[in-house]
Structures are given as C-alpha cells and as structure tokens.
Amino acid sequence: MTSLSADILHDILKRLDGAALARAGCACADLRDISREEELWENACRSLWPSTNHDDVRSLIISVGGFRKFYADCFTLILNKDVPAVQTNKTNLFAEEWDESDYYYYFDDTDELEKVFPSDFVSLIDIQYKDRALYSNIIWGIPSSDGSNGWFNNCPFRIDVFHHSPENNDNSDGEVFLSTINDLPSVPSLEQERKDGKLWRDLNDGIKLSWIMINPKMKLAVNLSSWHPLGGQRHWPTDTDFVLRYDTDFVLRYGSVLPAKEVLPCQVAKCILLMKFRMTSTGNEETGEPSTLALTELNMQIEDMEGVHLNGHRSLLVLKEALSCHRSRNYSEVLDSCHLYLRAQSQLKEEKIRSECRFDTLCIVTGITVFAALCVMCYRKFDRF
C-alpha cells in the first residue's frame, strides 16, 4: 500500500460506491485521509442519486455540510422504536389534554421560533430500476402551498410529484415507461401473470425509490423512503394496475416510523410514498412489441396511527422533527421497528372496534329497555280502562 502514490489511491477510491468507500477509509491511515475528500463523496452521491447532478443542488448540499455528510444522512434509514403502548383503560387512547380537532384540522398560532414553512424544504426524488436511473425530480418547497389563506395549513397534506390520468393516454409527454428493453420480464398474458406473479416480483426486487427531504435553514437532510417496496397490491379489476407502497417511517404494512412527540397525541406518524404503474402493453413476441409499464402516479402523504391524514401545518412539523431522528443501516432492525408499530396500530384498531361494539351493545340494551318500559306503561294505562 505504501508503494502506491496518493493519485493512484484516489483513482481507485473514486470507482467505489459510498458503502465501499466508507469501509476503505477504515483500512489504514492513508486511505482514511483520502476517503474524506469531498470529490469522492460527490461522485458516490451522483451515482446513487442522479438528482444531485445539478449545479443548484450541488450548491445546496455544500451549504448544508457537504457530500460526505449528505451521504451519511440520506443513505441510512429512519429508525424509531419509541412507539407508545395503547392505553386501553382510557377514553382517549393516547391520553392527556390533546384535542383531536386542535391537532388534525386547524392551524394554530405557533411560536415564532417554532414556525416552519413549505419553502423550508427541498425534495430530491430518484427512482431506479435494477440500479439504472428511471426518473429524477427536484422540488423546491411544497407544491400548491399558498399559506396566505390558510388552505394548505388546514387541509390534508399531500405532495403529487407525478400524476398521469388514464383518460389522457394519447398524450405521452413527460411519461416514464418501463419495458422489456429495460430488462423488464415479458408478460405472455395477464392470466399468466395472475398465476406466477413474475412481473410483480421483479418490480418489488428491482425498483428502488429515494425521497430525500432537505431543510437548508436547519442544514439537515433525511431520506423518507425505504429504498425497496415494503408492501403493495395489484388491482386486478382493471387488469392493468400495479401499485407499490413505500412507509418512512414507512408504514402501511411495513416501513419506517417518524417521530412526532411534540406534534401528535400518538407521538408517531407514518409517511406513505405511493408509486403506481399502469400496464400499457403485454407485448407480442411475434411482432417484437415489448411489455410496457407506465408510471402514472407518485405522491407522499403523512398519517397518524388511526389512519387520519395530517394537515399541512402538522405534516411540516413532523417532517422537521424527522430531520434529526435516529437512523440505521441495518434493514432488519428497521423492519423490526415497523412490526412494533404495526402491532400497536393493530391493538389500537382492535380496541376501537371493541369500544364501538360496547357502545352499540349499550345503545341496543338502552333502546330495548326504553321500548319495554313504554310498552309496560301503555299496557297499564289501557288496562285501567
């Protein structure tokens, strides 16, 4: 190693990805010093996130701490094990003085130091299929977030990055396609796909989504995605829909849990990233027509444990808290935290069902009792005559 010049070592390290570069830096003092160079980490970030190949994004990343810090913040996954236990002995399952109407639907006057604005966030979105770039986008601020009239603050939070209406199939401008040309498995027929699910498995294994949220004021960044799909479903009624779900906190069936201790009574929230493909062609081997999928939808929403969509103001506060939350490179550890969340969510749903059943039973018993009392009163009244 000592016989190699620094230029040769630099040339070797710049060919590595971020994970390999970090490991190489632990090998010896020479590699450690070279592996800390920003140019190497910039190359690693650009190869992993094509959205960083823009001058304005490069300036943004440098302003928040550089590419080395950016990679460390955004390659790891959100990990949150602080899921509260459901308190089944109280009317308010999450207790204390929280009023649901105050925290889900209405914007209140927040202290000036705690205010957070849609313009404080920048989104870097990258979709890869089998480690090849499929789609990239950069969003400065939050779209449709004119807060002057309170609409954004008080309505359910949602970011639509990509939306293609099936009614506009004739207009293919801006569409993103995935076909057998991109090594997508061929689909002889939808009936065959129903049986073996080969294309569905390939989508789950091959597609990676990264949704990085940067706050320039706080000089922090976080990846809200789980890299790989954590759940999904196929909509067979139309014979054409494939839906993938990503939960960062990531949490419909699997995912990462976002901390919200100072924002929500349940203290946690889930960020749902939904990606939707529509099959435009099953392909034809005789004519050489490839099997093709079109990306028709990509959006983000944030929900609490009861499945309530958070409004814009509360969602911004949750995103702000997520920027400084704990993270892990251990994917299995992240999945364990998701299972913990799902168990708590299941217990909450079961308790709500039991409470509703008890209330229904009480109403039925009360109704029967009142009806019986009225019948007895009427019987006695007419019996006197």
Side-chain angles (χ1 to χ4, degrees), residues 80-106 108 154-158 229-237 241 243 245-274 299-315 317-318 334-380:
N80 185 3
K81 295 183 178 181
D82 298 328
V83 179
V86 176
Q87 303 177 27
T88 59
N89 59 335
K90 297 185 179 181
T91 303
N92 183 350
L93 296 179
F94 297 105
E96 285 169 29
E97 306 143 347
W98 295 77
D99 185 347
E100 182 180 20
S101 62
D102 290 337
Y103 289 91
Y104 296 137
Y105 303 108
Y106 302 106
D108 58 356
N154 301 325
C155 291
F157 175 83
R158 180 185 176 105
L230 301 173
Q233 59 187 137
R234 290 175 288 182
H235 291 172
W236 288 115
D241 286 345
V243 181
R245 286 187 180 271
Y246 294 80
D247 305 69
T248 330
D249 307 6
F250 300 115
V251 202
L252 185 59
R253 297 177 185 171
Y254 308 89
S256 303
V257 184
L258 296 176
K261 294 182 179 179
E262 304 298 329
V263 184
L264 299 175
C266 56
Q267 303 179 25
V268 290
K270 63 180 178 181
C271 178
I272 300 175
L273 307 177
L274 184 105
N299 61 63
M300 174 202 293
Q301 290 179 299
I302 299 179
E303 297 180 349
D304 69 356
M305 288 188 69
E306 297 184 20
V308 177
H309 291 269
L310 303 188
N311 62 28
H313 179 61
R314 293 296 157 189
S315 295
L317 292 177
V318 170
V334 173
L335 288 182
D336 289 341
S337 69
C338 296
H339 296 155
L340 177 64
Y341 174 88
L342 290 176
R343 286 195 294 270
Q345 187 179 48
S346 178
Q347 291 174 7
L348 174 60
K349 292 180 179 179
E350 292 174 359
E351 178 59 27
K352 288 187 65 176
I353 293 174
R354 285 194 291 267
S355 299
E356 291 174 358
C357 289
R358 288 194 292 266
F359 181 74
D360 291 342
T361 302
L362 179 61
C363 290
I364 293 173
V365 172
T366 302
I368 293 175
T369 302
V370 172
F371 179 76
L374 291 175
C375 290
V376 171
M377 291 175 61
C378 293
Y379 175 78
R380 290 179 178 177

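If you're wondering where the values come from, they're calculated on a predicted model, not measured in any experiment. The figures here come from the full heavy-atom set of this structure, side chains too, leaving out hydrogens, waters and symmetry mates. Counting from 1, the numbers follow the sequence of the chain as shown.
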At what distance, to the nearest 0.5 angstrom, does [atom1] of [X] lie from [atom2] of [Y]?
X: Lys270; Y: Asp304; atom1: NZ; atom2: CG; result: 8.5 Å
X: Arg314; Y: Asn154; atom1: CZ; atom2: CG; result: 10.5 Å
X: Glu356; Y: Glu351; atom1: CD; atom2: CD; result: 10.5 Å
X: Ser315; Y: His309; atom1: OG; atom2: NE2; result: 10.0 Å
X: Asn80; Y: Gln267; atom1: CG; atom2: CD; result: 9.5 Å
X: Leu362; Y: Thr369; atom1: CG; atom2: OG1; result: 9.5 Å

Under the side-chain contact (heavy atoms from CB on, under 4.5 Å) rule, what do Ile272 and Glu303 come out as? Steps first, then yes or no, please.
-> CA-CA 8 Å; Ile272 300 175; Glu303 297 180 349; 3.6 Å; yes
Considering non-hydrogen atoms only, spot the tightest contact between Phe157 and Met300 and give its length.
->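 Residues Phe157 and Met300, closest heavy atoms: CE2-SD, 3.7 Å.
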Quick one: closest heavy-atom pair of Met305 and Cys266, and the distance?
->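 That would be N-SG, 4.0 Å.
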Go through the steps for Phe371 and Cys375 under the test side-chain contact (heavy atoms from CB on, under 4.5 Å), then give the verdict.
-> CA-CA 6 Å; Phe371 179 76; Cys375 290; 3.5 Å; yes
Side-chain contact test, heavy atoms from C-beta onward, threshold under 4.5 Å: evaluate it for Val263 versus Leu310 and give yes or no.
->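 A side-chain contact under 4.5 Å is absent here.
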Taking atom types as modelled, find out whether Arg343 and Ser346 have a side-chain donor-acceptor pair closer than 3.5 angstrom.
->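 No, Ser346 and Arg343 have no side-chain donor paired with an acceptor closer than 3.5 Å.
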In sequence, state the C-alpha distance, the side-chain angles, and the governing distance for Thr361 and Arg358, and then conclude on side chain to side chain donor-acceptor pair (under 3.5 Å).
-> CA-CA 5 Å; Thr361 302; Arg358 288 194 292 266; over 6 Å; no
